[in-house]
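This report concerns only the one structure given below.
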Amino acid sequence: MNCDVLVVGAGAAGMAAALSAREAGAETVLLADRNTQLGGVLPQCLHSGFGTGIFHREMTGAEYAACWAARVKAAPIVLRLDTTVLSLSPDRQALLSSSGGVEKIAFRALVLATGCREIPIGALALPGTRPAGVFTAGQAQRMVNLQGLSLGRNVLILGSGDVGLVMARQFVLAGCSVAAVVEQQDHCGGLPRNYQRSIVECGIPLLTRTTVCCVHGEGRICGVTLRQLDTGAERFLPCDTLVTALGIVPERELLRPLGEPLPPWVFLCGNCRYIHRTVDTVSRQGETVGREAAALARQDGK
């Protein structure tokens, strides 16, 4: 199959890019995503705080995704869900894999909207055991919100970014005890609204200038050793679940075969370009990039 614009990733950025590319005159737009539904990580975000910049009302992430998904499904866009983009080549071809087999796609312009990935706890090289009960914040959010799983009863959050704060509040609302949110900086790392809703309203202790220096437990985590960074003082804190929110980095692995600098037909948007603080700016950037990709495809097709 040939297409004018190939969009990889159907989250907030990818959906906006596909729609704007089609509206800007790209005749064939193909939107591919490895998930079975549109929206990226948004369907697992059941907390509010989305959409005020674009839809002028506060929505959950799932509601925000549903609004964009309805527009995508109503547009003449070729969808390839439950499909993994295996590779990209310098001759502007992509290899896609799905339950129907492997498919080669030729395109004129590429929009990469693959989002970001979480930094795992292994990046810290912590001493101690490797027991069950340790999750990244995104993993915890997906397992709790989409799969309805109970991860533990006494939770410690390492990192005060937005997803960590959101999950801290959600654990409290689910009846769990949150021992603390631990942050190595001297201030909270999340947005003020998430600080207010999680730390202030839920009464969760925020331990700044503190980190986890050892994980304890055989089979299941039973606690961690905390170190106060200013004094070096250490203490044991019991918990049966550790949720890490250590940060996120753009996901760009597909671009490696294309070399540096990137070809002019490659466009990045959303969190794979740089990390955004709000979803509205992600969608706006997707719209801009979609128009740019469509313009290049039209010019290339002359």
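This is a predicted model, so every value here is computed, not measured. Computed over heavy atoms, backbone and side chain alike; hydrogens, waters and symmetry mates excluded.
Contact of the Leu88 side chain with the Pro257 side chain is not registered, since no non-hydrogen atoms from C-beta on lie closer than 4.5 Å. Between Leu268 and Arg252, the closest side-chain pair of non-hydrogen atoms falls below 4.5 Å. In this structure, the side chains of Met1 and Val78 come closer than 4.5 Å at one or more pairs of heavy atoms. Counting only heavy atoms from C-beta outward, the side chains of Ser198 and His47 never approach each other to under 4.5 Å. A 4.5 Å side-chain heavy-atom check between Thr211 and Leu124 finds every atom pair outside the cut-off. Residues Pro250 and Ile275 are in side-chain contact: their nearest non-hydrogen atoms beyond the backbone lie under 4.5 Å apart. Using a 4.5 Å cut-off on side-chain heavy atoms (C-beta onward), Leu81 and Leu38 make contact. Side-chain atoms of Glu103 and Thr83, non-hydrogen and from C-beta on, never get closer than 4.5 Å to each other.
Side chain of Arg142 to backbone of Gln44: no donor-acceptor contact under 3.5 angstrom is found. A donor-acceptor pair is defined here as one N or O able to donate and one able to accept, closer than 3.5 Å; such a pair exists between the side chain of Arg220 and the backbone of Asp240. A donor-acceptor pair is defined here as one N or O able to donate and one able to accept, closer than 3.5 Å; such a pair exists between the side chain of Asn154 and the backbone of Pro238. Proximity of a side-chain donor or acceptor of Glu251 to a complementary backbone N or O of Glu253 within less than 3.5 Å is detected. In terms of modelled atom types and a separation under 3.5 Å, the side chain of Thr129 and the main chain of Gly217 share a donor-acceptor contact. Side-chain N or O atoms of Thr241 include one that pairs as donor or acceptor with a backbone N or O of Leu151 at under 3.5 Å. Side chain of Arg71 to main chain of Leu19: no donor-acceptor pair is present (N/O by atom type, distance under 3.5 Å, no hydrogens or angles). The backbone N or O of Arg227 lies less than 3.5 Å from no partner atom in the side chain of Glu234, so there is not a single donor-acceptor pair. A donor-acceptor contact shorter than 3.5 Å links the side chain of Asp4 to the backbone of Glu27. Looking at Arg80, its side chain never comes within 3.5 Å of a backbone N or O of Val85 through a donor-acceptor pair.
Using a cutoff of 4.0 Å between basic side-chain nitrogens and carboxylate oxygens, Asp186 and Arg209 are not scored as salt-bridged.
Taking each heavy atom of Leu191 and Asp162 in turn, the nearest pair found is N-OD1, 2.6 Å. Heavy-atom minimum distance, Leu237 versus Ala179: CD2-CB, 4.0 Å. Summarising the geometry of Ser98 relative to Asp82, their closest heavy-atom pair is CB-O, 3.7 Å, with the distance given to 0.1 Å. Nearest heavy atoms, Leu206 versus Tyr195: CD2-CE1, 3.9 Å. The two residues Thr208 and Thr210 make their nearest non-hydrogen contact at O-OG1, 2.8 Å. For the pair Gly138 and Glu118, the tightest heavy-atom approach, listed with the atom from each and the gap, is N-OE2, 2.7 Å.
Taken from CE in Met15 to OG in Ser283, the straight-line distance is 7.0 Å, to the nearest 0.5 Å. Once rounded to the nearest 0.5 Å, the distance linking OG1 of Thr136 with CD of Gln141 reads 9.5 Å. To the nearest 0.5 angstrom, Cys45 atom SG is 7.5 Å from Asn145 atom CG. Taking CZ from Arg197 and OG from Ser48, the interatomic distance works out to 4.0 Å, rounded to the nearest 0.5 Å. To the nearest 0.5 Å, the span separating CG on Leu255 from CG on Leu112 amounts to 5.0 Å. Annotation: the span from Gln228 atom CD to Arg235 atom CZ amounts to 9.5 Å, rounded to 0.5 Å.
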Test Asn2 against Thr28 for side-chain contact (heavy atoms from CB on, under 4.5 Å), laying out the working first. CA-CA 8 Å; Asn2 297 336; Thr28 307; over 6 Å; no
Start with the C-alpha gap between Val224 and Leu158, add the side-chain angles, then the distance that decides, and say whether side-chain contact (heavy atoms from CB on, under 4.5 Å) holds. CA-CA 11 Å; Val224 300; Leu158 176 58; over 6 Å; no
May I have the step-by-step check of side-chain contact (heavy atoms from CB on, under 4.5 Å) for Trp265 and Leu110, ending in yes or no? CA-CA 6 Å; Trp265 42 265; Leu110 168 76; 4.2 Å; yes
Take Val178 and Cys202 through the test side-chain contact (heavy atoms from CB on, under 4.5 Å) and record every step on the way to the result. CA-CA 10 Å; Val178 177; Cys202 293; over 6 Å; no
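Grouping the Ile, Leu, Val, Met, Phe, Trp and Tyr side chains by contacts below 4.5 angstrom, directly or via other members, places Ile199 apart from Leu226. Linking Ile, Leu, Val, Met, Phe, Trp and Tyr residues whenever their side-chain heavy atoms come within less than 4.5 Å places Val182 and Val134 in a single cluster. Note on Met167: it does not cluster hydrophobically with Val279, by side-chain heavy-atom contacts below 4.5 Å among ILVMFWY residues. Grouping the Ile, Leu, Val, Met, Phe, Trp and Tyr side chains by contacts below 4.5 angstrom, directly or via other members, places Ile119 apart from Phe135. Linking ILVMFWY residues whenever their side-chain heavy atoms come closer than 4.5 Å, directly or via other members, places Leu262 and Phe267 in the same cluster.
Classified by interplanar angle (parallel below 30°, tilted 30° to 60°, perpendicular above 60°), the ring pair Tyr274/His276 is parallel. Between Phe55 and Trp68, the angle of the ring planes goes over 60°, which puts this pair in the perpendicular group of the 30/60° scheme.
For residues 150-188, there are no ring-ring contact (aromatic ring centres under 6.0 Å, His included) pairs, not counting sequence neighbours.
For the residue pair Thr278 / Asp280, no side-chain donor-acceptor distance below 3.5 Å is found, with atom types taken as modelled.
The number of heavy-atom neighbours closer than 6.0 Å to CZ of Arg34, taken from other residues, nucleotides and ligands shown, is 12 or below.
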